[in-house]
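Heads up: the structure comes next, in structure tokens.
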Amino acid sequence: MDRYHLRCRPVRDLLVDYLTERQPSLDHKSLITLSTALANNFWADLERHHEDINSLHLTPEVAAAWKTRVNTVTRRRQLPDGRMVETTAPRSSAPAIKTLVRAFYLDISQWALDEPARWGPWAARCPVTETDCSDKKTKQRQKTASDQRTRERLPVLPALIRVADRRLKEARTRPEALHAAPLGAQFTALGETFTAPKRTSRAGLTGQAYDASGRRRDLEAEEKRAFWGWATIEILRHTGIRIEELLELGHHSIIRYKLPTTGEFVPLLQIAPSKTDQERLLLVTPELADVLSMVVTRVRGENGAIPSVSSYDIHEKAWNDPMPLLYQWDVSGDRRPISSNTVRDALNDALFATGLTDGAGNPLKFQPHDFRRIFITDAILNGLPPHIAQVIAGHSNINTTMGYNAIYPAQAIEAHRSFIARRRNLRPSEEYRAVTAEEWQEFLNHFERRKLALGSCGRAFGTDCIHEHACVRCPVLIVDPNERGRLFEIRDNLNDRIAEAEREGWLGEVEGLSVSRDAAEEKLAQLDERQKKKESPVFMGIPSFSEAAARTSFATNGA
């Protein structure tokens, strides 16, 4: 908490007390995220803009100003000429920050009921509403970006696999040629000329050699990175596990299960509890079994057992007990676990060798989590039920699994076409027969019968007039604007006839004529409304040919 140099000591102590109360239910990374949101993004920001603030009771103006500031983030970057520029962009984590602040206020208010002496003085009205925390648009943008990322990488996965396998074979060829060459001699591997070192400080040859330009290369280190890059790609694409679960795989993670029906032994991969603290078992395919076998063979010690090494949990900030991890290697005679950064570097090396680019022409990049999205998308596309994919992926909510599934436009089109085909099978087959010449002529004649003196009739095809051709009263009459004068004559004539009927005492005639007159007035009002929309600046209608041809052009040949 003191990283943010909060001036108000009582509020600083309150935040420390609050984090201490929440600590047992959070991992270290979540605790750091919560402290950053409350101390840096919330209270430190308020102190920078309001020097004398010392209470959680925020006025509406102060709260509104803070929410406006937290919605954006200012970043500094250096231009090629050395100048520093600042850019302001929307903060993608703004809804999450406001959600944590809202939870902080609501927790204090709730705890004040149980411990009024401890939390009661700090209970205050929450300045963040539930609407402020809405992240629907943010999630939609993230889902769109994630789907696009998966669509770019799923088709090129076979190329990445081929390149990783080729690089591994080539990386193994160079050290073999080095070990076969005498000290100080030149040797050739894969068309490259190398020079072995003249002497070595340890028994046997080292893995270093000099290429044709005189640059020293560690061929054994290159082989190590190529192997672990290949192994990472294979394991991740066959399992869809997280990178922390990958690095925690041990020799004891490979187990056998005996089928109760046939007695056959099936290999399974036991995934240790990670993000959701749920242990799960994955079926080991023959391809995955070959990869795991090569990894186990590589990390075995001289006695045939896999050495136990201690790993550091970056999320919990604690050292784990020694375990026979699969992801370990020898560093100057010392067994150490392979870090996540090393895994990412090995992936980037394989990607760089492929020469793949994204839609913008930049080098394509893979993150270990991309294989998880690709695994889930490919499984669902090939018919795996989503609820089974949820269990395999270790998600507690099926919506999370479906969020990883990238929907392709072709998939939506095929689903729509299948729906139309199923619906067509349910309808009478005679509805889809070929149209006869008589039916087509009847269809064309229908539009001819819709032409009226005042405009067009909007009744459906194959239906007769149900209003006994009282067109002025009919709601489906579409009045032509050019017939406005005729409609005025009809209205005036109706007024004259109504006046005559009133003089003669024809009350039934007055009632019927009044209905027609009101309908004519309504039609005139509709014409006025349509004309008003056309003349307004927001009208986006396409002009007719006559209107476009009547315009005067002031363009010249030199324009």
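- Closest heavy-atom contact between R335 and Q328: CD-OE1, 3.2 Å.
- Taken to the nearest 0.5 Å, the CG atom of L31 stands 9.5 Å off from the OG1 atom of T36.
- A distance-only check finds a donor-acceptor pair linking the side chain of R91 to the backbone of V70 [under 3.5 Å].
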Please set out all donor-acceptor pairs under 3.5 angstrom arising from side-chain atoms of residues 343-350, sequence neighbours excluded.
residue: R344; atom: NE; partner: Q367; partner atom: OE1; Å: 3.3
residue: N348; atom: ND2; partner: R344; partner atom: O; Å: 3.2
residue: D349; atom: OD2; partner: R225; partner atom: NE; Å: 3.1
residue: D349; atom: OD2; partner: R225; partner atom: NH2; Å: 2.8

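- Within the 3.5 Å criterion, the main-chain N or O of P127 finds a donor-acceptor partner in the side chain of K67.
- Within the 4.5 Å cutoff, side-chain heavy atoms of V266 are placed close to those of L283.
- Between the side chain of K224 and the backbone N or O of D330 there is at least one donor-acceptor pair closer than 3.5 Å.
- Between V11 and L6, every side-chain heavy-atom pair lies at or beyond the 4.5 Å cut-off.
- A salt bridge does not link R12 to E47: none of the charged nitrogens lies less than 4.0 Å from a carboxylate oxygen.
- Under the rule for a ring-ring contact (aromatic ring centres under 6.0 Å, His included), Y4 has no partner lying at least two apart in sequence or in another chain.
- Checked against salt bridge (Lys or Arg N to Asp or Glu O under 4.0 Å), R372 has no partners two or more places apart in sequence or in another chain.
- A donor-acceptor contact shorter than 3.5 Å is absent between the side chain of D147 and the backbone of T144.
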Apply side-chain contact (heavy atoms from CB on, under 4.5 Å) to H369 and I243, showing your working. CA-CA 7 Å; H369 214 71; I243 184 173; over 6 Å; no
Go through the steps for T239 and F375 under the test side-chain contact (heavy atoms from CB on, under 4.5 Å), then give the verdict. CA-CA 7 Å; T239 61; F375 175 82; 5.7 Å; no
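- The minimum heavy-atom distance linking S339 with L247 is given by the pair C-CD1, 4.2 Å.
- Under the 3.5 Å distance criterion, the side-chain polar atoms of R102 are matched with a main-chain donor or acceptor of V128.
- Salt bridge present: D107 and R22 bring a charged side-chain N and a carboxylate O closer than 4.0 Å.
- For the ring-ring contact (aromatic ring centres under 6.0 Å, His included) test, no residue two or more places apart in sequence or in another chain qualifies with Y105.
- Shown here for M1 and A39, the closest heavy-atom pair between the two residues is SD-CB, 3.2 Å.
- Annotation: side chain of L325 is in contact with side chain of S311 (closest heavy-atom distance under 4.5 Å).
- Remark: side-chain polar atoms of T377 are not paired, donor with acceptor, to backbone N or O of I374 under 3.5 angstrom.
- For the pair R217 and F194, the NZ or CZ position fails the cation-pi test of under 6.0 Å to the six-membered ring centre and within 45 degrees of the ring normal.
- Using a 4.0 Å cut-off between charged side-chain N and carboxylate O, D370 and R153 make a salt bridge.
- To the nearest 0.5 Å, atoms CZ (R174) and CD (E220) are separated by 13.5 Å.
- With contacts defined as side-chain heavy-atom distances shorter than 4.5 Å, the pair L281/Q270 qualifies.
- When only modelled atom types and interatomic distance are considered, D132 and T129 share a side-chain donor-acceptor pair under 3.5 Å.
- For the atom pair L292 CG and I235 CD1, the distance stands at 5.0 Å (nearest 0.5 Å).
- Two residues are said to be in side-chain contact when any heavy atoms from C-beta on lie closer than 4.5 Å; L38 and V101 meet this criterion.
- Annotation: salt bridge (charged side-chain N to carboxylate O under 4.0 Å, His left out) contacts involving residues 156-166, sequence neighbours excluded, comprise D165-K169, R166-E170.
- Between the side chain of Q390 and the backbone N or O of H395, at least one donor-acceptor pair lies under 3.5 Å.
- Closest of all the heavy-atom pairs between P95 and C133 is CB-O, 3.9 Å.
- Among T232, I233, L160, L236, the one residue that satisfies the side chain to side chain contact (heavy atoms under 4.5 Å, CB included) test with F366 is L160.
- Taken to the nearest 0.5 Å, the CG atom of L58 stands 5.0 Å off from the CD1 atom of I53.
- Residues passing the ring-ring contact (aromatic ring centres under 6.0 Å, His included) test with W66 are F42, sequence neighbours excluded.
- Using a 4.5 Å heavy-atom threshold, the side chains of L14 and I108 count as touching.
- By the 4.5 Å heavy-atom criterion applied to side chains, E248 and I271 are not counted as neighbours.
- Without hydrogens or angle criteria, S293 side chain to D290 main chain gives no donor-acceptor distance under 3.5 Å.
- The distance from atom CG of L268 to atom CZ of R280, rounded to the nearest 0.5 Å, is 13.0 Å.
- The pair E192-R215 does not count as a salt bridge, with every side-chain nitrogen at least 4.0 angstrom from each carboxylate oxygen.
- Taking every heavy atom of both residues into account, A196 and L178 meet most closely at CB-CD1, 3.9 Å.
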L157 and F371: side-chain contact (heavy atoms from CB on, under 4.5 Å), yes or no, with the steps? CA-CA 9 Å; L157 183 59; F371 292 94; 3.7 Å; yes
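- Here L219 contributes atom CG and E176 contributes atom CD; the two are 11.5 Å apart, rounded to the nearest 0.5 Å.
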List the steps, then state whether side-chain contact (heavy atoms from CB on, under 4.5 Å) holds for R75 with T88. CA-CA 6 Å; R75 297 186 176 92; T88 302; over 6 Å; no
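- The number of heavy-atom neighbours closer than 6.0 Å to CZ of F352, taken from other residues, nucleotides and ligands shown, is 12 or below.
- With salt bridges taken as basic N to acidic carboxylate O contacts below 4.0 Å, none links D27 and K29.
- In this structure, P175 and R172 approach most closely via the heavy-atom pair CD-O, 3.4 Å.
- At a threshold of 4.5 Å between non-hydrogen side-chain atoms, the residues T357 and L364 do not count as touching.
- For H50, the NE2 atom counts as densely surrounded, since its 6.0 Å shell holds more than 12 non-hydrogen atoms of other residues, nucleotides or ligands.
- A donor-acceptor pair is defined here as one N or O able to donate and one able to accept, closer than 3.5 Å; no such pair exists between the side chain of S93 and the backbone of A96.
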